[in-house]
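Heads up, the thing below is written out as structure tokens.
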Amino acid sequence: MSLFARAAVPAVVELARVLRLESVRPVTLSDRELVLRARAGDAVASEQLFRRHHQLIRGMVHRLLPFDRELDDIVQDCFMDAFEKLDRLLEPDAFRGWLRGIAIGRARNRLRRRRLMRTLGLGGHENFDPESMLGNGVSPERGAELLAIYRVLRSLPPDTRLALVLHRVEGFAVREVAEQTGMSMSTVKRRLAAAEAKLGAGYPGSANRESEPR
Amino acid sequence: MTDPCDQVSAPVPCDDTEAWDRVRAGLANRRLRRTRLRVGAAMVTVAAAAAAVLSLWVAPRFGEHSPATPVAAASAPVAESTLLLSEGSRVYVTLGARVAVIASSSDEQRLRLSSGTATFDVVPGLARRFIVEVADVEVRVRGTRFTVTAEASSEHVAPRVNVDHGAVEVLAPSEAGTYELVARLGAGAKWTSGPRAPLPLSAAPAVSATPVSAPSSALEVQVGRASVPGPSAAALFAAARESRRAGDLAGAIRGYEELLRRYPRDSRAPLASLELGRLKLEQGNNPAGAAAALERAAGGSFPLEEEALAKLVAAYEHSHNRSKCEAARARYLAQFPAGPHAGAVRAACDAR
């Protein structure tokens with residue numbers, strides 16, 4: 001292949017990619033741009049926002065509500081809520097965090113409703129099998145920690161469970177747990193302390209995560 | 001059970017397309033529910049039988065509007081129920097509501113709502129009038145869907161009418177004692193009244209609800225439960241989806257078919273039709289059946305209409321129905337000339 005051809009091929013490929021993208025979806029736009037376009041009624045921008053964040057939200061909800069049979073519906077509702085309320089998002093750059101907050105709110109309501117149903121004897125029990133939650137690529141140490149966490153989760157009040165999963169599994173700093181759940185920092189710390197006492201301690205660094213960047 | 005979309009434990013490629021389709025459909029359905037102005041559970045007032053009289057129009061009822069003994073009554077003290085009338089019209093009765101069929105003749109079908117809320121889905125083109133009494137107000141319809149609420153207290157009833165589609169007339173007794181038109185309502189319109197005199201719901205003769213499949217010859221009006229207690233639409237939809245995920249195409253097809261049979265107007269029905277069509281196409285041995293389902297999905301205002309039409313073209317092509325294939329192709333290209341499937345649709349339907 002001549003030098004010219006070698007140079008031309010990438011250019012042609014790039015041109016084809018740009019043309020294809022422009023006729024399909026704007027994949028290179030920021031969240032801010034996509035939010036602004038979605039607000040203006042751009043369905044492609046809405047779809048791109050969804051595709052960009054779907055796996056993240058679905059994974060988080062899955063870990064907050066393991067084995068919930070209505071996982072798909074819950075995730076779907078999160079995105080529907082977000083798209084319906086998109087005009088209320090003051091900072092389009094903060095779409096991801098805002099969306100996570102919606103998902104956490106839904107999960108929280110779900111946990112509370114389940115607990116109420118259990119209290120009333122109307123079911124609400126989850127088919128809990130933490131071992132099968134562990135997929136490929138999880139280290140034995142991390143796997144053991146996850147199993148220990150999830151075994152204790154069942155016995156925790158909803159807000160305590162939520163704080164523990166967000167902090168321990170999702171890696172949220174204490175401040176972020178407080179912001180996302182609406183609890184005060186002191187309440188979050190108290191709930192985490194109670195949860196970790198149940199865990200039997202042995203997991204260092206819980207008090208230090210407040211300063212860890214997210 | 002590792003979630004295939006979980007980025008932490010198992011970061012594998014996740015197909016978002018189906019999920020996005022559901023979000024789009026869900027958003028459209030939410031908007032549809034809000035604009036329909038149907039009286040839902042939030043507006044239901046569960047009332048005990050009314051007793052005292054308090055009316056804006058004091059004149060008593062005369063002539064053909066004199067109270068009649070109810071032929072059959074239905075109340076739903078525990079859960080919502082559906083009444084199926086002989087001509088195919090349906091009455092959706094909400095919790096605590098009380099509806100009675102007062103009379104049924106070749107000229108008219110007359111029901112009385114004494115308390116609560118009911119939605120009336122009336123078959124269009126009927127030769128006879130369809131009338132709903134609430135307090136001393138009559139709601140007359142000509143093929144439409146509307147909801148009537150009898151907000152009753154211990155002393156009076158306050159009627160409300162919301163029209164989903166079609167048209168209704170609202171009549172009330174005048175001072176002269178005859179019924180006069182007080183409102184003509186079109187789609188989306190509503191009418192409310194102040195407190196009015198309730199009409200007594202006389203103790204109905206002992207009439208057992210007749211199953212739809214075994215009509216009673218003694219009654220001209222066949223009143224039965226159109227929906228046998230069973231799985232909800234949500235449960236059927238979820239089960240069908242699970243079957244598909246498990247690779248049980250036949251089970252998924254049965255699930256969607258049952259959902260469409262039991263709940264043809266459920267918000268999931270268009271998506272269920274689309275999924276049913278896709279599955280039957282995938283099976284490969286029933287393209288005509290796929291086309292029937294896809295016609296349903298492509299028939300209304302539906303966010304996935306583009307995909308349904310594209311699949312419809314494919315279904316007709318597979319069933320070697322060239323004329324219908326070309327008609328569907330033309331329909332698709334008229335609506336979606338630059339759609340994602342336009343290329344494939346343009347190339348379809350050629351004789352092989």
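To find a chain, count down the sequence lines: A is the first, B the second, and so on, and within it residues start at 1. Predicted model only: the values in this text are computed from it and were never measured. In what follows, every heavy atom counts, from backbone to side chain, and hydrogens, waters and symmetry copies are set aside.
Classification of the Trp20(B)-Phe83(A) ring pair by plane angle, with boundaries at 30° and 60°, yields perpendicular.
Between Arg241(B) and Asp73(A), the closest heavy-atom pair is NH2-OD1, 3.8 Å.
With values rounded to the nearest 0.5 angstrom, Arg30(B) atom CZ is found 5.5 Å from Asp77(A) atom CG. From Phe79(A), atom CZ reaches atom CZ of Arg22(B) across 12.0 Å, with rounding to the nearest 0.5 Å.
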If you look only at distance, which donor and acceptor atoms sit under 3.5 Å apart when one is on a side chain in residues 327-337 of chain B and the other is two or more places apart or in another chain?
unit_1	atom_1	unit_2	atom_2	d
Arg329(B)	NH1	Ala348(B)	O	2.7
Arg331(B)	NH1	Glu295(B)	OE1	3.3
Arg331(B)	NH2	Ala298(B)	O	3.1
Tyr332(B)	OH	Glu306(B)	OE2	2.4
Tyr332(B)	OH	His341(B)	N	3.1
Tyr332(B)	OH	Ala342(B)	N	3.4

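Of the options His53(A), Glu47(A), His54(A), Arg58(A), a side chain to side chain contact (heavy atoms under 4.5 Å, CB included) to Asp16(B) is made by His54(A) and by none of the others.
Cys78(A) is linked by a disulfide bond (SG atoms under 2.5 Å apart) to nothing, counting only residues two or more places apart in sequence or in another chain.
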